[in-house]
Amino acid sequence: MSQFFQAWQKRKEALQSKALEQYSVESMESVSDVTLTTNVEENIQLIEAQFGKCDDLVVRRFQTKSKAQAAIVFIDGMVDRNVISDFIIRYMTTPDITYHDPATNELDLTDKLRQIVRNILSGCAVLIIDGCQNAYLNNTRGWDRRSVEEPQTESVVRGPRDGFCETLCVNSALIRFRLKDPNLRVRHMVVGERTQTDIYVMYIDGIAYPPIVEEVIARIESVHVDSVLESGYIEQMIQDRRWSPFPQIQNTERPDKVVANLLEGKVGILVDGTPFGLIAPAVFSQFYQSPEDYYERFYIATLIRFIRIISISIALMLPSLYIAFSAFHPEMIPSRLVIAMAAGRSTVPFPSLVEALFMELAIEILREASVRLPGPIGPTIGIVGALVVGEAAVTAGLVSPVMVIIVAVTTIGSFASPSYSAAIAIRMLRFPVMILAGMFGLYGIMLFLIVILIHLSSLKSFGVPYMSPLSPLNLNGMKDLFIRVPHHLFKTRPMMFHVQDKIRIREEDNPK
């Protein structure tokens, strides 16, 4: 630590500037009280001292048309050089350009060094002029960014094709594009001591419940970490029960999904640098619902929801039911099926629990490998690997053909969940329920289900019961639970989120 302070002292002596006398030992961590001087060279030294020896920090000195010394400071690669050359330097140096000509579309003034450094790191070009204590902050952001593309994890057959990208202002504009309501509020926050990540908290004033909004903001403000590189950092730090396998905040790539939830009184959270936004509070039922449910006719959407519920149940329970029936309750299986299963297991040297765990682990390894492989060959390797491993395991007598079918159906059922984070929870819980089924049979499965239901009933997301509208029972919310009623019956918003404006469809707006 002493070497660190000695190096800093040498830097101060080498600069030999009066402005640097404002620094102290405490100012190494915070420069909020340091202000600029009226000397352009001293101000340049102040800025350079904050960045150290950074080769990507560009300082362009020039003389204005009034013969004053000036400089513009920016980070190479984060700005549009054409804007700096054509609309700032040319504007300041060419005599025949009048003051009515434009410079940049955004301009701000400050003499605070901390704010100047923050804007430089955000892609602004800072203009400092000799004799002026204030610096001009020009919005010249121009780094390369990914364009708006179709969401990769939440594809739909019918619905919008645009998804979030990694740029915060573009993501907020996608929401504004769909929600042209002046009551949409956006609260800007900065989290991360070193990354200084920008975050937008969005809600509709007059619909969202103010205590929920303030709780979301308070939890984000309480996050004191070194870095925030993705919205998952915020999700894990502000959720109610951090040790629960079930997600209590929903993430999405779809702006239409965020808008739909904002209209229900929820809060949206956008994090700079990631295409995944967050929705809070979240209840269990919304993780098997898809935006496409509201774009199709109600009976089609209801049928698809029932298929999802059955698929999730199969993904969680099918292997454990096979273990319980084959090991403890063979009398509950039809006799012909028992004979077929016994013939298939005649060469298998392991009990059904070990057989199921081996196959499930193999499938999970293949699934993870297919995700990490390059796009064109990933799905191919996954399919071929599953076929080869399954066929080889049956031929070698390590597993029975029935087990291969059960594991394949279970894997397909887990893919039916619209939410990846919810599907991960089901995949995790599949293993303990298989172990309980191998130890206690159906009694172990029932014990597991009871514990899970108690846990789900005890969860809350920002004060909203996780199992709403089932527990506590809310008849208004049942319209959009297992079935999806026609749109004209959605006259009120879900009451479980304590919305202020309860009316969604007014009679005068919906004449017969």
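- Counting only distance, with no hydrogens or angles, the side chain of Lys180 and the backbone of Phe177 share a donor-acceptor pair below 3.5 Å.
- More than 12 heavy-atom neighbours from other residues, nucleotides or ligands sit within 6.0 angstrom of CD on Glu331.
- Salt-bridge formation is not detected for the pair Asp480/Arg493: no Lys NZ or Arg NE/NH1/NH2 atom is positioned less than 4.0 Å from an Asp or Glu carboxylate oxygen.
- Not one N or O on the side chain of Arg194 forms a donor-acceptor pair closer than 3.5 Å with the backbone of Gly192.
- In this structure, a donor-acceptor pair under 3.5 Å is absent between the side chains of Asn474 and Ser468.
- The side chain to side chain contact (heavy atoms under 4.5 Å, CB included) with Phe164 is formed by just one residue from the set Thr274, Ile175, Val170; it is Ile175.
- Between Arg141 atom CZ and Asn119 atom CG the span is 7.0 Å, to the nearest 0.5 Å.
- Between Glu292 and Arg158 there is no salt bridge, since no side-chain nitrogen of the basic residue lies less than 4.0 Å from a carboxylate oxygen of the acidic one.
- Counting non-hydrogen atoms of other residues, nucleotides and ligands closer than 6.0 Å to NZ of Lys460 gives a total of 12 or fewer.
- Formation of a donor-acceptor pair under 3.5 Å by the Thr252 side chain with backbone atoms of Arg254 is found in this model.
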* **Residue pair Arg430, Glu364: steps toward the salt bridge (charged side-chain N to carboxylate O under 4.0 Å, His left out) verdict** => CA-CA 12 Å; Arg430 187 188 306 154; Glu364 291 296 331; 3.6 Å; yes

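- Both the sub-6.0 Å distance and the 45° axial angle are not jointly satisfied by Arg241 relative to the ring of Phe246.
- Considering Leu278, Ile269, Val216 as possible partners of Ile249, the one that fulfils the side chain to side chain contact (heavy atoms under 4.5 Å, CB included) test is Leu278.
- The line from OG of Ser326 to CD1 of Ile333 is 6.5 Å long, rounded to the nearest 0.5 Å.
- A salt bridge does not link Asp256 with Arg161: none of the charged nitrogens is closer than 4.0 Å to a carboxylate oxygen.
- Considering all non-hydrogen atoms of both residues, Pro245 and Ala425 come closest at O-CB, 3.3 Å.
- Under the 30°/60° scheme for interplanar angles, the aromatic rings of His188 and Tyr200 are found to stand perpendicular.
- Between Asp293 and Arg484 there is no salt bridge, since no side-chain N of the basic residue sits under 4.0 Å from a carboxylate O of the acidic one.
- Residues Pro151 and Gly163 share a closest heavy-atom pair of CG-CA, 3.8 Å.
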* **side chain to side chain contact (heavy atoms under 4.5 Å, CB included) assessment of Thr110 paired with Gln115** => CA-CA 7 Å; Thr110 184; Gln115 187 175 354; 3.0 Å; yes

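- The line from CZ of Arg504 to CZ of Phe490 is 6.5 Å long, rounded to the nearest 0.5 Å.
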* For side chain to side chain contact (heavy atoms under 4.5 Å, CB included), just list the numbers for Ser285 and Phe482, CA-CA rounded to whole Å, side-chain angles, deciding distance to a tenth of an Å, and then say yes or no. => CA-CA 8 Å; Ser285 60; Phe482 300 113; over 6 Å; no

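- Other residues, nucleotides and ligands contribute more than 12 heavy atoms inside 6.0 Å of the CZ atom of Arg146.
- With hydrogens and angles left out, the side-chain atoms of Glu150 and Ser155 include no donor and acceptor closer than 3.5 Å.
- Residues Arg308 and Ile304 meet the side-chain proximity criterion, which asks for heavy atoms closer than 4.5 Å.
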